[in-house]
Amino acid sequence: MKKFTNFEIARLLRNVAVSYQLKDEKKYRFQIIAYNKAADAIEVSPVQLQDIYLEEEKLDKISGVGPSIAAHIQELFNKGRVDHFQDIMKGVPEAIFPLLDVPNFGPKKAYKIVSIFKLSDPDTVTEEVEKLANSGRIAELEGFGKKSEEDLLTGITQFKEGKTKSNRMALPFAHAIGEQIVDYLKKNPKVKRVEMLGSLRRMRDTIGDVDLAVASNDAGNVIDYFVKYPRIERLIEKGPVSASFVANGGAQIDLMVQSEKRFGALLQHFTGSKQHNVALRERAVRSGFSLSERGIKEVKSGRLHEFANEKDFYKFLGLPYIEPELREDRGEIDAALRQAQGKFPGLPKLIEVTDIKGDLHTHTNFNIEPSHDLGKNSMQEMTEKARSMGYEYIGFADHNPSTSGHNADDITKLIKKRGKEIEHLNESNKDVRVYNLLEIDILPNGDLPLNNEQLNMLEGAIVSLHSAFTQDREKITQRILKGLSHPKVRIFGHPTGRLINSRAGADADWDSIFSFCRQEDIALEINSASQRLDLSDVMVKRAIEAGCRVIIDTDSHSVEGFSMMKYGVAVARRGWCEKRNVVNTLPGKEFEKWMLK
DNA sequence: GCCGTTTTCGGCCCGACTGTTTTCAGTCG
């Protein structure tokens, strides 16, 4: 039987919503909302539905999934299809669905074009529409025109360049672009405040557009200045209070300007997430308030309250300030409410970058003839860098020597030689404690490529997956548990092995793995490397709820890599981590006790 | 179709922008 991922299920539910919308938007208004809401919830769910369905049939535990949709999903797992969905989707041409991922195409336009021109092949529909548009046939349709035909062509061009509605940049890449433009904007004296918005401000692991907000009482001046940004590639639009352009190799940058006295409401609104805002508004509307980017309106009198900062906005609603990283409708509003009433547990006191005392997963250029890549900088240079970061300790975790070109004696010699080098370093550097670690592959059968003697020459081991990610669940779970079982193992490096936009992580029984890590006090790594950010935010939340501790590392292969720490910390914050949940916030002596346990 | 600090029934978030239109439909965030 085919397995369905959460992503596929979410897509199916969205297609059902679209079908309802095309059949009778008024009549099915609330089904449309319900199906889309369920899709949103399932897409971000930390557990794969296919798993909980097999284990305990608790699908409607997910908020937004009720008895009806849960039953349909059960049917999907059992039969591979859902009769009710097929009924609803009857008469809706299959060829519209691929178009829905193309910018500027919505259900109505896609449906109109596909049915009038009788397009039926989902695989070629995008090219066919492009041809029609190029020959001017779309502009002739009622409700379309020359301009909308152009917009659709622009959308198709973007789509072909890889910018689908669902394709997103990795956070560090988008954040770096955002920072550059923020710096640029700050040079304009009319700019009173600048903030990033949307998923970028919430530090989500992937980002669509780079959205920015400026507080200023001279919007025209700021917009003119904004569109003169030197790295601009193509201007998209420029209005009196907002503008957009493409820059830095295809990223879309949007700016909104608002007066200082309303800046708080703008910030709150466009930081989102959508789900957080919807939940907030549903609560507010029951008390007679309507929330928007302009402020909070009293519905009866129509009086608008304005807010210069977000803190006051939340305060007006009777809530403490909620950090952007928590605004995902994952329980933060209830927690804020409890906190306001003096009940427990309230909002977490999130970890800060300045709490970090060391980076344990770094690679040096010491040639240990490793199984994977070397770092670029020397042990000395890496230590200097750690000192300049204010760290109390650092771990060198070069990859283990490759087993192909070496016999056991060679490997022992290499590890010994490297150990001596680190000893020397510790004698000459009294203020930064250097740990002698290695990053060791968990081989496909769960063995480690080092023997006991070799492992015992280390102060600790990071173990991680670097191959065979697609083993089935049972096999990969046993493999990981076996790999973690040596007493020298202190850290499970980038646990799922996912690469953003290119490789799904391992499909393992994470509950069992978390429970083992808790027992052995092994830290689960949050790896800050751009394409990894692994564990992910939802997995971190699950891990600490299971009683585990995490460690935030950069996996630096050069001194430049150290600056990635803030992204790992962001993942931790999104996973509701406090300082106490993260082992590398411990002061030197306590950390040593944990590492050498 | 979902859900509960007015509710197991009767509600269900808000607004901007654009283009094609003479008052609104579609898309987006």
Side-chain angles (χ1 to χ4, degrees), chain A residues 13 16-18 20-22 25-41 59-73 84-85 88 99-100 102-113 138-152 154-155 165 197-201 207-209 211 213 236-244 252 254 256 258 265-266 268-297 299 304 318 329 333-334 337-338 340-341 343:
Chain A
L13 296 178
V16 172
V18 164
Y20 268 131
Q21 195 178 347
L22 292 171
E25 190 168 8
K26 287 224 167 67
K27 181 173 165 194
Y28 296 119
R29 196 168 137 221
F30 297 113
Q31 278 87 342
I32 296 165
I33 294 171
Y35 272 87
N36 279 320
K37 213 169 178 181
D40 289 344
L59 294 179
D60 60 3
K61 272 264 169 73
I62 297 175
S63 174
V65 178
S68 173
I69 292 181
H72 293 322
I73 295 174
H84 178 61
F85 291 177
I88 298 160
L99 290 177
L100 299 180
V102 181
N104 303 337
F105 283 82
K108 301 293 177 67
K109 285 184 178 173
Y111 180 73
K112 209 162 184 177
I113 294 170
I138 305 277
E140 296 164 1
L141 302 179
E142 194 190 340
F144 289 78
K146 203 67 214 155
K147 191 68 182 66
S148 55
E149 186 175 74
E150 275 169 32
D151 287 347
L152 295 181
T154 311
K165 286 181 201 166
L197 296 173
S199 49
L200 197 52
R201 183 152 180 260
I207 306 294
D209 299 333
D211 296 330
I236 296 173
E237 61 182 17
K238 174 174 177 278
V241 294
S242 70
S244 306
Q252 180 170 333
D254 300 330
M256 260 169 282
Q258 180 59 278
L266 178 85
Q268 197 288 323
H269 178 85
F270 286 104
T271 296
S273 66
K274 189 178 153 198
Q275 286 89 333
H276 171 86
N277 283 353
V278 168
L280 213 55
R281 287 189 203 126
E282 279 175 353
R283 269 185 45 77
V285 83
R286 289 197 288 265
S287 326
F289 295 110
S290 166
L291 314 186
S292 81
E293 64 263 47
R294 290 188 273 174
I296 299 178
K297 196 165 71 180
V299 176
L304 183 75
D329 195 23
I333 295 175
D334 282 344
L337 215 57
R338 283 194 300 270
Q341 296 164 347
K343 290 184 191 157

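Every chain is numbered from 1, with letters handed out A, B, ... down the list of sequences.
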Just checking [X]: base, sugar-phosphate only, or nothing, at a heavy-atom cut-off of under 4.0 Å?
X: Arg286(A); answer: base
X: Tyr35(A); answer: sugar-phosphate
X: Lys238(A); answer: nothing
X: Ile32(A); answer: nothing
X: Ile69(A); answer: sugar-phosphate
X: His84(A); answer: sugar-phosphate
X: Gly198(A); answer: nothing
X: Lys112(A); answer: nothing
X: Ser63(A); answer: sugar-phosphate

Watson-Crick or G-U wobble mate for dT8(B), both contacts under 3.5 Å: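 Across all strands, not a single nucleotide pairs with dT8(B).
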In whole angstrom, what separates [X]'s [atom1] from [N]'s [atom2]?
X: Gln268(A); N: dG15(B); atom1: CD; atom2: P; value: 13 Å
X: Phe144(A); N: dA25(B); atom1: CZ; atom2: C1'; value: 11 Å
X: Gln31(A); N: dC2(B); atom1: CD; atom2: P; value: 9 Å
X: Lys274(A); N: dT27(B); atom1: NZ; atom2: C1'; value: 12 Å
X: Asp209(A); N: dC17(B); atom1: CG; atom2: P; value: 16 Å

Side-chain (Glu293(A)) to main-chain (His269(A)) donor-acceptor, under 3.5 angstrom: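 No, Glu293(A) side chain to His269(A) backbone: no donor-acceptor pair under 3.5 Å.
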Working for side chain to side chain contact (heavy atoms under 4.5 Å, CB included), residues Ile113(A) and Leu152(A): CA-CA 11 Å; Ile113(A) 294 170; Leu152(A) 295 181; 3.8 Å; yes
Mutual orientation of the aromatic rings belonging to Tyr20(A) and Tyr28(A) [parallel < 30°, tilted 30-60°, perpendicular > 60°]: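 The rings of Tyr20(A) and Tyr28(A) sit tilted, inter-plane angle from 30° to 60°.
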Phe30(A) over dC2(B), stacked by centroid distance under 5.5 Å, angle under 30°: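 No, aromatic ring not over the base.
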5' precedence on DNA chain B between Gln341(A) and Lys147(A) (nearest-nucleotide basis):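 That would be Gln341(A).
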Nearest-nucleotide comparison on DNA chain B, the residue closer to the 5′ end among Val278(A) and Ala70(A):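 With Val278(A) and Ala70(A) compared, the 5'-side residue is Ala70(A).
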State whether [X] places a side-chain N or O below 4.0 Å from either non-bridging phosphate oxygen (OP1 or OP2) of [N].
X: Lys108(A); N: dA25(B); value: no
X: Ser290(A); N: dC14(B); value: yes
X: Ser148(A); N: dT20(B); value: yes
X: Ser68(A); N: dG1(B); value: yes

Sidechain N-carboxylate O distance under 4.0 Å for Lys147(A), Asp151(A):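 Yes, Lys147(A) and Asp151(A) are salt-bridged.
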Nearest-neighbour nucleotide for the Lys109(A) side chain, dG15(B), dG29(B), dT27(B) considered: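 Per side-chain heavy atoms of Lys109(A), the pick is dT27(B).
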Proximity to the side chain of Ala34(A) - top-ranked nucleotide from dC2(B), dG15(B), dC14(B):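 Ranking dC2(B), dG15(B), dC14(B) by closest atom to the Ala34(A) side chain puts dC2(B) first.
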Which value, in whole Å, describes the distance between the [atom1] atoms of nucleotides [N] and [M]?
N: dG1(B); M: dT5(B); atom1: C1'; answer: 24 Å
N: dT27(B); M: dT20(B); atom1: P; answer: 13 Å
N: dC12(B); M: dC17(B); atom1: P; answer: 26 Å

Glycosidic conformation of dT20(B), taking syn as within 90° of 0 and anti otherwise: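 Chi for dT20(B) falls in the anti range.
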